[in-house]
Every structure is written in C-alpha cells, then in structure tokens.
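One structure is given here, and the rest of the page talks about it.
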Amino acid sequence: MTSRRHTQRRRYPLSLRRRPVRWEEQRPTWRQARPALIAEALKRAQARPSGNWYVVGASRDVRGDRPLSATVAGQEVVVWRTADGKLAGGPGICPHLGAPLADSPVRCGTLVCHWHGLALDGGPFAGWEPLPLYDDGVLVWVRLDPVGGEPPTPAPVVPARPELSRSVAAVYSGVGICEPEDVVANRLDPWHGAWFHPYSFVDLTVVDTPGSEGAGEEGAGEDGFTVDVSFKVAGRLVVPVRAVFTTPDPRTVLMRITEGEGLGSVVETHVTPLGPDASGRPRTAVVEAVVAASERPGFAAARALRPVLRRVMTAGAARLWRDDLAYAERRWLLRSTGRFPG
C-alpha cells in the first residue's frame with residue numbers, strides 16, 4: 001500500500017484536510033481486515049508469557065486512606081499504601097469472618113477491617129498472605145500465580161514510555177461483558193477506526209500488517225500493525241501521525257506513535273478478566289493508559305495543566321471505549337452462540 005511519510009516534524013502540529021472525504025465515500029476496508037489475519041495476530045499475542053501479572057488500576061488511585069480494590073478472575077484483591085508510601089496488598093477477604101476489605105479504611109498505613117478491627121500492615125498475619133505487587137509509575141499490577149498458571153516473573157512486561165516527568169499520563173477504566181480476547185481482537189483490527197470512530201479518526205490507512213513485505217520496519221515485529229491516521233481536532237483541522245500496534249503480552253495491546261506529532265507517545269490497553277456476572281456471563285476490565293509527550297516548547301507549559309489535560313484525555317478514551325466495548329461485547333455474544341463469522 002502507498003502511504004504518506006512523516007519524514008520531519010511539521011512546523012505546526014495541525015494540518016488542514018484539503019480534500020476531505022465524506023464518511024460514506026471513504027474506501028471500504030473490509031477486504032483488508034481479513035478475519036484470519038486478525039485471528040493469527042490474536043493467537044500470537046495469547047502465546048506470549050505474562051508472568052501471571054494483571055493490571056488492577058492506576059497508580060494515582062492507590063491512596064493512603066482507603067484501598068484500591070479489584071477482582072481478577074473472581075479473586076478479590078486490595079492494594080494500599082503503607083505509611084512510607086510503599087505498596088501493600090493481598091486478598092480482599094478478611095481471614096477472620098470474610099469481611100470485604102475493599103470497604104475497610106487505611107489508618108497510618110494499616111488496613112483495618114471494619115467488621116472486627118483486624119489490622120493488616122502488609123505482612124503475613126492471621127492467615128492473610130500478601131501478594132506480589134508492582135507499581136510502574138502509571139499502573140499497579142498484581143501477580144496471581146494460581147490464576148495465570150504460568151512460570152512467574154519478578155515483574156510484568158512494562159512497555160517503554162516517555163519520561164513521566166516530561167509527559168502527561170491519564171488512565172481510563174471500563175468494564176464489558178466479554179472475555180479478554182475480545183478486547184485484544186478489537187485493538188488488533190485497526191481498519192475499523194475511521195468507520196467506527198469518525199468523530200476521532202480520518203484518513204486511516206493500514207500500511208504494514210504481520211507477514212507483509214516490509215513488516216517490522218517500524219520495529220513492529222511479526223505481530224505489528226503500522227497505521228497512518230489523522231486525529232480530528234475541529235472541522236478540517238487534524239493531527240496526522242504514524243502509529244504501530246504491538247502485543248507485548250497476552251493481555252496488552254500497545255500503540256506507539258513512531259512519526260508525526262507526539263513522537264514516542266503511547267496508548268497501552270490492558271485487559272483483566274473479572275469473573276462472571278450474576279447471569280454467568282464473563283466480565284472484563286479495560287484499563288487504558290495514555291502517556292503523551294511532545295518536544296514542542298508549548299507542551300512544557302501545557303504540562304502545568306496536567307489535571308485538566310488528564311480529564312480531557314480520559315473523556316476522549318471513554319468515548320472511544322463506549323464503541324469499542326460494544327464491538328468486544330458483540331464479538332463475545334456471537335462467539336458464545338456459535339454465530340461468529342470469523
């Protein structure tokens with residue numbers, strides 16, 4: 001396929017679409033979005049090791065007054081910070097009479113059960129055992145060896161990111177009625193972007209796919225999808241970039257901007273199985289971290305408005321995931337009833 005090349009940084013980040021194409025007149029992508037190609041990329045992702053690590057939430061959501069709670073494959077987990085700011089965490093069920101520790105407060109770095117006052121400082125006590133945790137500065141992970149069933153690793157696979165002190169990071173969380181593979185498959189289908197999300201993406205071209213000639217030139221490796229796309233700003237104003245989608249572990253899809261504005265910025269989509277709902281349907285959490293950076297002088301000033309930028313970035317992610325979770329849920333529904341055509 002032909003593509004535009006971002007060989008140098010533009011003087012201004014915005015571009016003007018001179019010949020915009022109406023949504024219904026853009027080139028169909030269904031022939032290129034071959035089900036077998038997506039399925040093969042998904043299969044390779046699922047074969048990658050995870051070390052039994054699962055994302056449970058944003059680092060900034062782990063506070064000193066209450067725990068961050070999560071459920072991973074039906075296992076309740078709580079994470080909090082000790083008095084010196086370190087992570088502590090483990091099962092979310094009190095070993096005494098089963099109280100939900102997610103509802104218990106943290107006092108001076110100690111989690112105090114609100115049923116009978118059993119106090120946990122993060123170490124083994126009264127049958128409660130801590131779990132391995134990891135804080136990468138943006139996300140918090142927990143290692144659950146009985147759930148993952150793989151050889152454990154000392155740390156999760158954390159993608160390279162822009163330096164956090166020189167970037168802005170935002171985290172979106174959502175839940176869908178589907179399995180992790182349905183969310184990963186959604187992210188491994190870049191062709192749907194301009195059709196399904198016309199409010200955010202235009203002029204999308206998938207330049208390289210796994211197994212295609214030249215695949216991996218952008219550092220994508222055999223599972224990489226390279227995409228040229230423009231982010232809509234307002235009217236005909238857009239920001240054109242090149243991005244590469246890869247899968248560093250079976251429950252993560254990484255999008256990295258390799259050319260254009262925001263070079264090096266990443267979007268990490270992590271999925272965590274929650275367990276079945278009351279009707280027995282699978283539930284999956286999506287935790288997406290966006291770490292944006294720019295070398296433009298004005299970005300340093302913009303970082304001073306991090307709280308505002310985070311809200312804007314999270315709102316944008318929420319709008320996209322309103323649609324993409326519907327995609328994943330539809331995929332699971334058809335798979336579970338034997339009607340999925342792929």
Side-chain angles (χ1 to χ4, degrees), residues 6 8-14 51 53-68 70 79-89 106 109 132-143 153-173 218-219 231 233 239-246 248-249 252-270 286-318 320-321:
H6 310 280
Q8 60 183 3
R9 192 182 74 172
R10 297 173 179 268
R11 182 178 180 183
Y12 302 105
L14 301 180
W53 290 95
Y54 298 84
V55 170
V56 295
S59 299
R60 64 176 49 256
D61 289 339
V62 184
R63 297 171 24 179
D65 59 343
R66 58 176 174 78
L68 171 68
V79 182
W80 71 95
R81 296 200 184 275
T82 61
D84 58 2
K86 295 181 180 179
L87 281 186
V106 175
L133 303 168
Y134 191 87
D135 186 348
D136 64 28
V138 178
L139 301 171
V140 170
W141 308 63
V142 62
R143 199 182 78 199
T153 57
V157 179
V158 179
R161 299 169 176 152
E163 184 180 342
L164 293 181
S165 64
R166 300 173 61 85
S167 59
V168 178
V171 178
Y172 159 84
S173 298
E218 306 281 348
F231 295 97
V233 178
V239 178
V241 302
R242 170 163 288 188
V244 175
F245 292 77
T246 55
D249 73 39
T252 300
V253 180
L254 172 70
M255 186 202 81
R256 184 183 305 280
I257 294 178
T258 59
E259 296 182 38
E261 186 63 26
L263 179 67
S265 299
V266 298
V267 178
E268 301 172 13
T269 303
H270 302 272
V286 175
V287 183
E288 185 166 274
V290 181
V291 185
S294 175
E295 293 299 320
R296 295 187 183 274
F299 189 73
R303 288 202 309 270
L305 301 174
R306 277 189 178 96
V308 175
L309 290 177
R310 287 193 187 103
R311 286 195 290 270
V312 172
M313 293 161 65
T314 303
L320 288 168
W321 278 107

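The backbone N or O of A292 sits nowhere less than 3.5 Å from a side-chain atom of S265 that would complete a donor-acceptor pair. Between the S294 side chain and the R296 main chain, a donor and an acceptor come within less than 3.5 Å of each other. For R60 (side chain) and V138 (main-chain N/O), no donor-acceptor pair under 3.5 Å exists by modelled atom type. Counting only distance, with no hydrogens or angles, the side chain of R306 and the backbone of S167 share a donor-acceptor pair below 3.5 Å. When atom types are taken as modelled, the side chain of T314 and the backbone of R310 share a donor-acceptor pair closer than 3.5 angstrom. No side-chain donor-acceptor contact under 3.5 Å links R161 to the backbone of G264.
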Walk me through whether V79 and L87 qualify under side-chain contact (heavy atoms from CB on, under 4.5 Å). CA-CA 7 Å; V79 182; L87 281 186; 3.8 Å; yes
Quick one, F299 with V168, criterion side-chain contact (heavy atoms from CB on, under 4.5 Å). Give me CA distance, side-chain angles, the key distance, then yes/no. CA-CA 10 Å; F299 189 73; V168 178; 4.0 Å; yes
Assess whether side-chain contact (heavy atoms from CB on, under 4.5 Å) is satisfied between V266 and M255, documenting all intermediate values. CA-CA 6 Å; V266 298; M255 186 202 81; over 6 Å; no
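In this structure, W141 and H270 have perpendicular ring planes: the angle between them is above 60°, well past the 30° mark.
Looking only at side-chain heavy atoms (C-beta outward), P156 and D249 stay at 4.5 Å or farther from each other. In this structure the side chain of V106 never reaches within 4.5 angstrom of the side chain of D65, judged on heavy atoms. Side-chain contact check for F231 versus V241: some heavy-atom pair is nearer than 4.5 Å. Inter-residue side-chain proximity for T252 and T269 is flagged as unmet; no heavy-atom pair is nearer than 4.5 Å. Considering only heavy atoms from C-beta on, V55 stays 4.5 Å or farther from V140 through its side chain. Contact check for F245 versus L254: no side-chain heavy atoms found under the 4.5 Å cut-off. Proximity of E268 to P159: side-chain heavy atoms (C-beta onward) are separated by under 4.5 Å at one or more points. Within the 4.5 Å cutoff, side-chain heavy atoms of E288 are placed close to those of V267.
Here L133 contributes atom CG and K86 contributes atom NZ; the two are 13.0 Å apart, rounded to the nearest 0.5 Å. Distance OG1/T153 to CZ/R143: 7.0 Å, rounded to 0.5 Å. A distance of 13.0 Å separates CG in L139 from CH2 in W53, rounded to the nearest 0.5 Å.
Listed here is the closest heavy atom pair of Y172 and A317: CB-CB, 3.8 Å. Heavy-atom minimum distance, L309 versus A302: CD1-O, 3.2 Å. The minimum heavy-atom distance between T258 and V244, with the atom names listed, is CG2-CG2, 3.7 Å. L14 and V233 get closest at one heavy-atom pair: CD2-CG2, 3.6 Å.
A salt bridge between R81 and D135 is present, with a side-chain N of the basic residue lying under 4.0 Å from a carboxylate O of the acidic one.
Heavy atoms from other residues, nucleotides or ligands lying under 6.0 Å from CZ of R166 number 12 at most.
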